Structures are given as C-alpha cells and as structure tokens.
Amino acid sequence: MDKQQRSSTMASNDPDLSDPSGDPQPGDLIEIFRPAYQHWALYLGDGYIINLTPVDESQAAAMSSVKSVFSRKAVVRMQLLKEVVGSDSYRVNNKYDDNHTPLPVCEIIQRAQVLIGQEVSYDLLGSNCEHFVTLLRYGEGVSEQATRAIGAISLVTAAASAFSVLGLINTRSRNRPF
C-alpha cells in the first residue's frame with residue numbers, strides 16, 4: 001500500500017472528513033497533518049499542489065519543519081503532493097464550502113499559478129498557509145486554526161490578568177497595618 005492509499009485509508013475512518021476518498025480534484029484544499037500542526041495546500045492537478053514554505057529553508061527542510069510556523073516570510077511553491085506529505089498523512093478538506101462559495105476551478109488555478117515563486121508575508125494568526133489556500137479557493141482568507149489560537153491566547157491572557165488581580169488583592173490584604 002503506497003502513502004496516498006495509506007493516508008486515504010487512515011482518513012476514511014474519520015467521520016468528520018469533507019471528502020474521505022483522498023482523491024483530490026483541482027481546486028481542493030489539502031490538509032496535511034504534521035506532528036505539531038496542520039499544513040494546508042491547494043491541489044492544482046496531476047499530483048501537484050501549491051503551498052507556502054519558509055524563505056530561508058531548503059524545500060526539503062521546509063516541508064516538515066516547525067520553524068515554518070514561526071517564519072515572517074514565505075515563498076509560494078508548486079510541489080508534488082507526495083513529496084510535501086512525506087511520511088505524514090493528509091486529507092482533502094473543503095470544510096468551508098458550506099459557508100463560502102468556491103470560485104470556479106479555472107479561476108482558482110489561474111490565481112494560484114500567478115503566485116508561484118513569489119515571496120509573501122507570513123503571520124501565524126493573520127496570514128498563514130490556511131488563509132493563503134482559502135483565499136485562492138474562496139476569494140477570502142479563512143483559518144479555523146488561527147481562530148482557535150487567538151481564542152486560546154485570549155483565554156490565557158484573561159486567566160493571567162485574573163490571577164494578577166487576585167495576587168494584588170491578596171498582597172494588599174496581607175500588608176494591612178492591623
């Protein structure tokens with residue numbers, strides 16, 4: 001069983017998949033499961049995808065590096081899906097189709113091809129690989145990953161503020177002169 005079949009088989013056991021077949025069509029969003037995060041790409045056809053990779057890394061290192069998440073710049077690259085996936089798994093995941101209308105496939109592909117080789121700014125929360133591919137597919141950048149991260153940061157910040165205020169109250173009550 002090759003990697004794509006294994007990925008498709010692994011993915012087909014998950015009831016939340018948008019398209020468990022693992023047989024991507026041009027314009028499909030591809031979710032690649034890295035050890036610490038998900039990387040997103042857009043399927044162009046004939047086994048090729050377009051995706052963002054860090055500017056300062058070789059293509060091979062960029063595909064599996066966590067450093068890619070913390071880069072400030074990225075390069076738009078056209079690569080073979082199987083090379084980008086490597087030993088990780090992936091799935092076709094057009095999860096935003098219910099809320100966003102995909103552009104015509106020919107327009108998606110044309111928009112993607114114009115960007116190949118260009119350097120773009122990258123920001124984990126505001127302009128990441130998921131934003132990039134959803135912008136190509138829908139004309140609007142969307143990232144559930146970023147929304148979750150922002151929510152987690154907000155929760156931690158609120159908790160830290162609450163503990164800080166509670167600590168300040170406790171310190172004041174212990175320092176009373178009576």
Side-chain angles (χ1 to χ4, degrees), residues 1-54 57-69 71 74-120 122 124 127-149:
M1 181 180 289
D2 69 22
K3 285 180 192 167
Q4 183 175 349
Q5 289 171 321
R6 186 169 55 250
S7 298
S8 299
T9 302
M10 288 172 62
S12 65
N13 295 327
D14 186 340
D16 295 330
L17 295 181
S18 300
D19 180 5
S21 70
D23 185 23
Q25 299 300 309
D28 279 345
L29 300 177
I30 307 293
E31 182 178 21
I32 302 167
F33 298 94
R34 300 290 192 227
Y37 65 99
Q38 287 82 41
H39 178 64
W40 289 83
L42 182 107
Y43 191 74
L44 297 175
D46 296 325
Y48 284 92
I49 54 101
I50 187 170
N51 70 135
L52 296 180
T53 63
E57 291 187 22
S58 71
Q59 279 186 274
M63 288 181 251
S64 61
S65 171
V66 173
K67 182 181 177 189
S68 65
V69 172
S71 269
V75 174
V76 179
R77 289 202 169 99
M78 183 173 109
Q79 299 172 286
L80 284 170
L81 174 61
K82 65 181 181 180
E83 290 177 4
V84 174
V85 170
S87 62
D88 296 325
S89 61
Y90 75 93
R91 68 178 175 179
V92 171
N93 190 353
N94 298 319
K95 65 183 179 178
Y96 300 112
D97 283 8
D98 290 341
N99 301 320
H100 302 275
T101 304
L103 298 169
V105 173
C106 60
E107 186 176 338
I108 295 169
I109 302 305
Q110 182 180 27
R111 291 162 52 107
Q113 288 175 334
V114 167
L115 296 171
I116 294 170
Q118 291 191 23
E119 189 173 300
V120 296
Y122 181 91
L124 181 61
S127 184
N128 64 33
C129 57
E130 188 176 8
H131 288 111
F132 174 72
V133 297
T134 56
L135 182 62
L136 291 173
R137 182 172 174 84
Y138 306 110
E140 178 182 354
V142 183
S143 176
E144 198 173 83
Q145 250 182 148
T147 303
R148 281 195 311 266

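Below, all heavy atoms of this structure are taken into account, side chains as well, without hydrogens, waters or symmetry copies. Residue indices begin at 1 and follow the sequence shown. All figures in this text were calculated on a predicted structure; none of them were measured in a lab.
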Quiz item: Does the side chain to side chain contact (heavy atoms under 4.5 Å, CB included) test come out yes or no for Val84 and Ile30, once each step is laid out?
Solution: CA-CA 11 Å; Val84 174; Ile30 307 293; over 6 Å; no
Practice problem: Evaluate the criterion side chain to side chain contact (heavy atoms under 4.5 Å, CB included) for residue pair Val142 and Glu130; output intermediate values, then yes/no. | Solution: CA-CA 7 Å; Val142 183; Glu130 188 176 8; 5.9 Å; no
Quiz item: When you look at Leu135 and Arg111, which way does the side chain to side chain contact (heavy atoms under 4.5 Å, CB included) test go after all the steps?
Solution: CA-CA 10 Å; Leu135 182 62; Arg111 291 162 52 107; 4.2 Å; yes
Exercise. Apply side chain to side chain contact (heavy atoms under 4.5 Å, CB included) to Ile109 and Gln113, showing your working.
Key: CA-CA 6 Å; Ile109 302 305; Gln113 288 175 334; 3.7 Å; yes
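Heavy atoms only, all atoms of each residue included: Ser143 and Asn128 are closest at OG-ND2, 3.2 Å.
Taken from CH2 in Trp40 to NE2 in His131, the straight-line distance is 12.0 Å, to the nearest 0.5 Å. Residue Tyr96 holds its OH atom at 8.5 Å from CG of Leu29, rounded to the nearest 0.5 Å. Going from atom CG of Asp23 over to atom OH of Tyr43 covers 7.5 Å, rounded to the nearest 0.5 Å. In this structure, Glu83 CD and Ile49 CD1 are separated by 9.5 Å, a value rounded to the nearest 0.5 Å. Distance check: Arg77 CZ to Asn51 CG gives 8.5 Å after rounding to the nearest 0.5 Å. With rounding to the nearest 0.5 angstrom, the CD1 atom of Ile116 is 10.5 Å from the CD atom of Gln79.
By the 4.5 Å heavy-atom criterion applied to side chains, Leu81 and Pro24 are counted as neighbours. Under the 4.5 Å side-chain criterion, counting only non-hydrogen atoms from C-beta, His39 is not in contact with Asp88. Here the side chains of Leu52 and Val76 are in contact, with some heavy-atom distance below 4.5 Å.
With hydrogens and angles disregarded, no donor-acceptor distance shorter than 3.5 Å links the side chain of Arg137 to the backbone of Asp97. Judged by distance alone, with hydrogens and angles left aside, the side-chain atoms of Asp46 form no donor-acceptor pair with the main-chain N or O of Tyr48 at under 3.5 Å.
By the 30° and 60° cut-offs, the orientation of the rings of His100 relative to Tyr138 is tilted.
In the displayed structure, Glu107 atom CD is contacted under 6.0 Å by more than 12 heavy atoms of other residues, nucleotides or ligands.
Looking at Val105, Leu44, Leu42 one by one, the single match for side-chain contact (heavy atoms from CB on, under 4.5 Å) with Pro26 turns out to be Val105.
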